[in-house]
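Okay, structure first, notes after.
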Amino acid sequence: MRESSKASLCGVISALSVVIMLSTYLSPFLVYTAPAFAGLLLIIVVNELGYKWSLGTFICISILSFFIISDKEASVFYTLFFGYYPVFVLFIEKSISNTVLKHIAEFVVFNASCILSVVLCYYFFGISLEDFDSSDYLYNIIFVLLLNIMCFVYTNLINKLQILYKKRFRSFFRKMFNLK
């Protein structure tokens with residue numbers, strides 16, 4: 001396989017991801033969903049080129065999003081969770097056979113990245129944490145539980161999209177980018 005075909009696939013995926021991340025200008029709700037959809041595009045790179053190329057593509061998208069996108073919160077969410085998480089899930093699915101250990105690893109990574117995202121947004125970008133009022137512990141506990149349910153749903157989405165890609169779209173991308 002030619003290196004130019006690999007680079008062109010990574011470039012197209014990077015460009016599409018940045019365009020998706022630019023959609024955060026349209027609505028405040030897209031701050032959370034656009035990074036999730038942009039990260040799903042890395043499923044193509046992992047399947048076609050492997051983990052090394054997907055890591056390079058992730059780094060490229062992360063850097064471009066910090067320079068181009070004015071909503072730094074979306075860039076932080078992409079960089080600290082949604083960008084690498086699909087690659088991480090596919091790696092865990094391949095590496096660990098025990099289902100319980102897979103889920104534990106996924107939830108540990110998810111919760112650590114959530115905490116790191118909040119801390120980074122607050123201390124480095126000055127994004128207010130008014131919603132995380134320490135006096136309402138029940139609300140915070142419910143919010144964290146809902147986020148973990150979202151992680152479970154997102155992980156299942158990644159696995160289903162992996163299967164769909166392999167069955168329906170893999171031959172199209174291989175033909176389009178001259179990958180064999």
Return the minimal non-hydrogen interatomic distance between [X] and [Y], and the atom names on each side.
X: A36; Y: Y154; value: O-OH, 2.8 Å
X: M21; Y: A74; value: CE-O, 3.5 Å
X: L42; Y: T57; value: CD2-CG2, 3.7 Å
X: S70; Y: Y25; value: OG-CE2, 3.0 Å

- Task: Might you confirm whether atom CE of M150 has over 12 heavy atoms from other residues, nucleotides or ligands at distances under 6.0 Å?
- Result: yes
- By side chain to side chain contact (heavy atoms under 4.5 Å, CB included), which residues pair with I163, not counting sequence neighbours? K167
Same cluster for [X] and [Y] if Ile/Leu/Val/Met/Phe/Trp/Tyr side chains link at under 4.5 Å?
X: V18; Y: F67; value: yes
X: I104; Y: I149; value: no
X: V31; Y: F29; value: no
X: L164; Y: I158; value: yes
X: L49; Y: I44; value: yes

Could you grab the distance from atom [atom1] of [X] to atom [atom2] of [Y], nearest 0.5 Å is fine?
X: F37; Y: L30; atom1: CZ; atom2: CG; value: 9.0 Å
X: Y32; Y: F82; atom1: OH; atom2: CZ; value: 10.0 Å
X: N148; Y: C114; atom1: CG; atom2: SG; value: 7.5 Å
X: L64; Y: S75; atom1: CG; atom2: OG; value: 10.0 Å
X: L41; Y: C10; atom1: CG; atom2: SG; value: 12.0 Å
X: I20; Y: I61; atom1: CD1; atom2: CD1; value: 9.0 Å

- Task: Walk me through it: do I141 and L145 pass the test side chain to side chain contact (heavy atoms under 4.5 Å, CB included)?
- Result: CA-CA 6 Å; I141 290 170; L145 288 174; 4.2 Å; yes
- Task: For the pair F152 and H103, name the ring-plane relationship: parallel under 30°, tilted 30 to 60°, perpendicular over 60°.
- Result: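 F152 vs H103 ring planes: tilted.
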- Let me know which of R170, Q162, R174 forms a side chain to side chain donor-acceptor pair (under 3.5 Å) with N47. Q162
- Do F66 and T79 pass the side chain to side chain contact (heavy atoms under 4.5 Å, CB included) test, and can you show the C-alpha distance, the side-chain angles, and the key distance before you say yes or no? CA-CA 9 Å; F66 276 106; T79 303; 3.2 Å; yes
- Task: Check whether any side-chain heavy atom of V45 lies under 4.5 Å from a side-chain heavy atom of F58, and answer yes or no.
- Result: no
- Message: Go through it in stages, so that I can follow the logic: the residues are N111 and F107, the test is side chain to side chain contact (heavy atoms under 4.5 Å, CB included), and I'd like the CA-CA distance, side-chain angles, deciding distance and then a yes or no.
- Response: CA-CA 6 Å; N111 287 303; F107 285 114; 4.3 Å; yes
- Just checking, is any N or O donor in the side chain of E48 or Y165 under 3.5 Å from an acceptor N or O on the other one? yes
Donor-acceptor pairs are to be reported for all side-chain atoms of residues 83-93 against protein atoms at under 3.5 Å, with residues two or more places apart or in another chain.
unit_1 : atom_1 : unit_2 : atom_2 : d
Y84    : OH     : L80    : O      : 3.0
Y85    : OH     : T155   : OG1    : 2.7
E93    : OE1    : K102   : NZ     : 3.3

- Quick one: do F81 and V76 satisfy side chain to side chain contact (heavy atoms under 4.5 Å, CB included)? Show the steps, please. CA-CA 8 Å; F81 180 68; V76 168; over 6 Å; no
